[in-house]
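See below for the structure under consideration.
Below, read A as the first sequence line, B as the second, and so on, with proteins coming before strands; counting in each chain starts at 1.
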Amino acid sequence: MSITFKNVDFIYSPDTPFSYHALKGVDLDIPEGSFTALIGHTGSGKSTLIQHINALLLPSSGEVRVDDFIITATDKPSVLKPLRQKAGLVFQFPEYQLFEETIARDIMFGPVNFGMPEDEARAVAAKTLEMVGLNDTYMERSPFEISGGQKRRVAIAGILAMDPDILVLDEPTAGLDPQGAKEMLRLFKSLQKSGKTIIMVSHDMNQVLEYCDHVVVMNKGRIERNCSIDELFKEKDYLSSLSIDLPVITAFINDLNSQGFHLDHDIKDIETLVKAIGGELHE
Amino acid sequence: MNSMVFGRYLPVDSFVHRLDPRLKIGALLALLITVFFDAGFLGYALIGLFVVVALILTKIPAKMVVQAVKPMLIMLLFLSVFNLIFLHTGKLVAKVGPLSIYSGAIFQTIYISIRLVLIVSLTTILTASTKPLDMTLGLEHLLSPLKVIKFPVHEVAMMISIALRFIPTLVEEAQRIMKAQASRGVDFNEGTFKEKVFAIVSLIIPLFISAFQKADDLANAMESRNYNPEARRTRYHQLHWRLADSFVLGLIVLLCGTIIVMSIVL
């Protein structure tokens with residue numbers, strides 16, 4: 001499932017006093033099977049960009065290709081419905097989309113809409129509920145009586161149940177406790193390992209460093225960087241010009257190296273870093 | 001959002017935007033009443049001219065006016081058909097099968113159409129040129145004499161301003177939920193009746209929950225700030241009556257007066 005943007009422009013409310021040019025000449029390739037981070041300031045066009053991937057928004061000009069689907073300005077939404085199943089989009093604070101009487105029925109909602117028989121969908125719901133870390137005692141409970149973090153899990157399960165090849169997540173861990181966030185990110189990582197392409201909007205560079213392998217930087221509706229994360233975090237000046245902080249680990253390595261260490265920039269976790277520091281001190 | 005033109009504020013700076021909201025609300029009320037006085041085509045031409053000048057002065061694009069009037073077309077069509085069939089005054093003009101069309105009916109239909117278009121245009125001028133909060137402030141001022149008879153003017157104004165403030169928020173929320181459900185395979189445009197009902201349910205329930213949640217949050221926020229509707233408060237934002245306001249007020253009194261006199265004399 002490859003994703004390609006070719007010279008895509010998007011304008012909200014064109015030809016009105018409220019018109020807003022949100023995407024400007026976006027050219028983008030998102031590698032298949034990658035865990036891509038999408039970063040940039042509020043209003044940089046991230047949310048607009050991801051809504052093109054499952055054709056919720058159609059480009060004002062240019063084209064978006066997702067696998068065999070070609071999305072252009074003139075496409076009819078009905079033609080693109082099968083795409084919504086292939087590219088699952090999890091909005092920010094997805095817990096607001098819950099509406100069914102029971103958690104099971106809410107998770108089944110997506111698969112059933114795409115034509116899965118009810119009993120099969122129920123089995124899928126049980127499986128995905130377990131994937132997001134809730135046991136099957138939750139199946140028949142109301143989605144409105146559980147905690148905010150659990151609601152988030154149920155909402156994400158609702159998208160995972162559609163078994164999309166591409167999973168697009170808009171700040172999936174915003175407002176979650178650190179432990180819950182970690183579990184979520186590990187789940188996405190394992191989904192990537194099973195062959196899915198993951199695209200995640202994030203403001204937390206520590207998450208980006210630890211879980212993502214590819215990164216796209218947006219600024220004022222344009223793509224400014226599309227590279228591996230190792231390359232991005234080498235560009236200290238560029239990141240500070242966007243007032244994006246380096247990940248704690250990378251910043252620490254930089255500090256140590258400026259004091260005479262020769263540590264590898266690409267270290268991503270504490271254990272490796274500790275070993276590397278230990279190794280140098282030993283010499 | 002694109003289709004929601006009626007009642008939307010147009011963020012530009014214009015002569016009409018700068019007018020006092022009290023004047024604009026009062027003028028709208030006076031003009032709406034005047035529109036229903038039958039002063040013949042000359043009277044409507046006068047009001048029409050005034051409306052066109054006001055639209056230009058408000059810098060409302062013609063397209064926006066057309067979009068605001070558009071939803072009225074169905075109602076207009078409905079009214080016209082009924083009028084033409086059932087109103088039997090004036091001279092018989094045409095006979096189509098069992099239907100007889102009278103001149104009175106034709107005139108009545110044209111009047112109603114003109115009135116509707118004028119009403120929509122006038123209201124659009126007010127809402128496009130006045131920020132919702134200015135509008136409530138103006139309303140509060142205009143209603144303040146009612147305080148004498150213990151009418152809760154401030155509370156009503158507060159309720160209206162909160163309601164107005166939440167319209168765009170709820171519209172945004174509705175769009176967000178629609179997109180989220182569309183991502184789960186809901187089709188809001190096509191499908192059988194049952195599917196459509198289900199699609200609407202998947203929108204309405206989360207919307208209600210979020211609206212109640214927001215109302216609850218707001219109530220808590222107000223209480224934690226010790227909000228008391230009876231407290232005497234000063235305002236940061238003051239209304240200022242200027243010379244231009246007096247001028248426009250005079251003009252509107254003149255216009256309404258002329259039309260009413262015309263309707264009585266003619």
| Part of B:Glu173 within contact of chain A (heavy atom distance under 4.5 Å) |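 Only the side chain of B:Glu173 comes within 4.5 Å of chain A.
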For B:Val201, is it the side chain, the backbone, both, or neither that has a heavy atom closer than 4.5 Å to a heavy atom of chain A?
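Both backbone and side chain of B:Val201 come within 4.5 Å of chain A.
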Check: Yes or no on side-chain contact (heavy atoms from CB on, under 4.5 Å) for B:Lys179 and A:Leu89, after CA distance, side-chain angles and deciding distance?
Finding: CA-CA 9 Å; B:Lys179 279 180 175 173; A:Leu89 178 53; over 6 Å; no
Practice prompt. Indicate yes or no for a side-chain donor-acceptor contact from B:Gln181 to the backbone of A:Gln97 under 3.5 Å, with no hydrogens or angles considered.
Written response: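 Confirmed, B:Gln181 side chain pairs with A:Gln97 backbone.
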Donor-acceptor pair, distance only, cut-off 3.5 Å: does the side chain of B:Arg184 make one with the backbone of A:Asp106?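 It does hold such a pair.
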Distance in Å, [X] [atom1] paired with [Y] [atom2], rounded so as to fall on 0.5 Å steps:
X: B:Ser183; Y: A:Ile159; atom1: OG; atom2: CD1; result: 6.0 Å
X: A:Glu95; Y: B:Ile209; atom1: CD; atom2: CD1; result: 12.0 Å
X: B:Ser202; Y: A:Glu100; atom1: OG; atom2: CD; result: 9.0 Å
X: B:Ile205; Y: A:Phe144; atom1: CD1; atom2: CZ; result: 6.5 Å

For atom [atom1] of [X], is the number of surrounding heavy atoms from other residues, nucleotides or ligands below 6.0 Å larger than 12?
X: B:Lys214; atom1: NZ; value: yes
X: B:Glu155; atom1: CD; value: yes
X: A:Lys189; atom1: NZ; value: yes
X: B:Phe247; atom1: CZ; value: no

Practice problem: Of all the heavy-atom pairs spanning B:Ser210 and A:Tyr96, show the shortest one and how long it is. | Solution: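 So the minimum-distance heavy-atom pair works out to CB-CD2, 4.5 Å.
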### Message
Given heavy-atom pairs under 4.5 angstrom as the criterion, report whether the side chain, backbone, both or neither of A:Phe114 touches chain B.
### Response
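The side chain, not the backbone.
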Parallel, tilted or perpendicular: which one describes the rings of B:Phe198 and A:Phe99, with boundaries at 30° and 60°?
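Rings of B:Phe198 and A:Phe99: perpendicular, over 60°.
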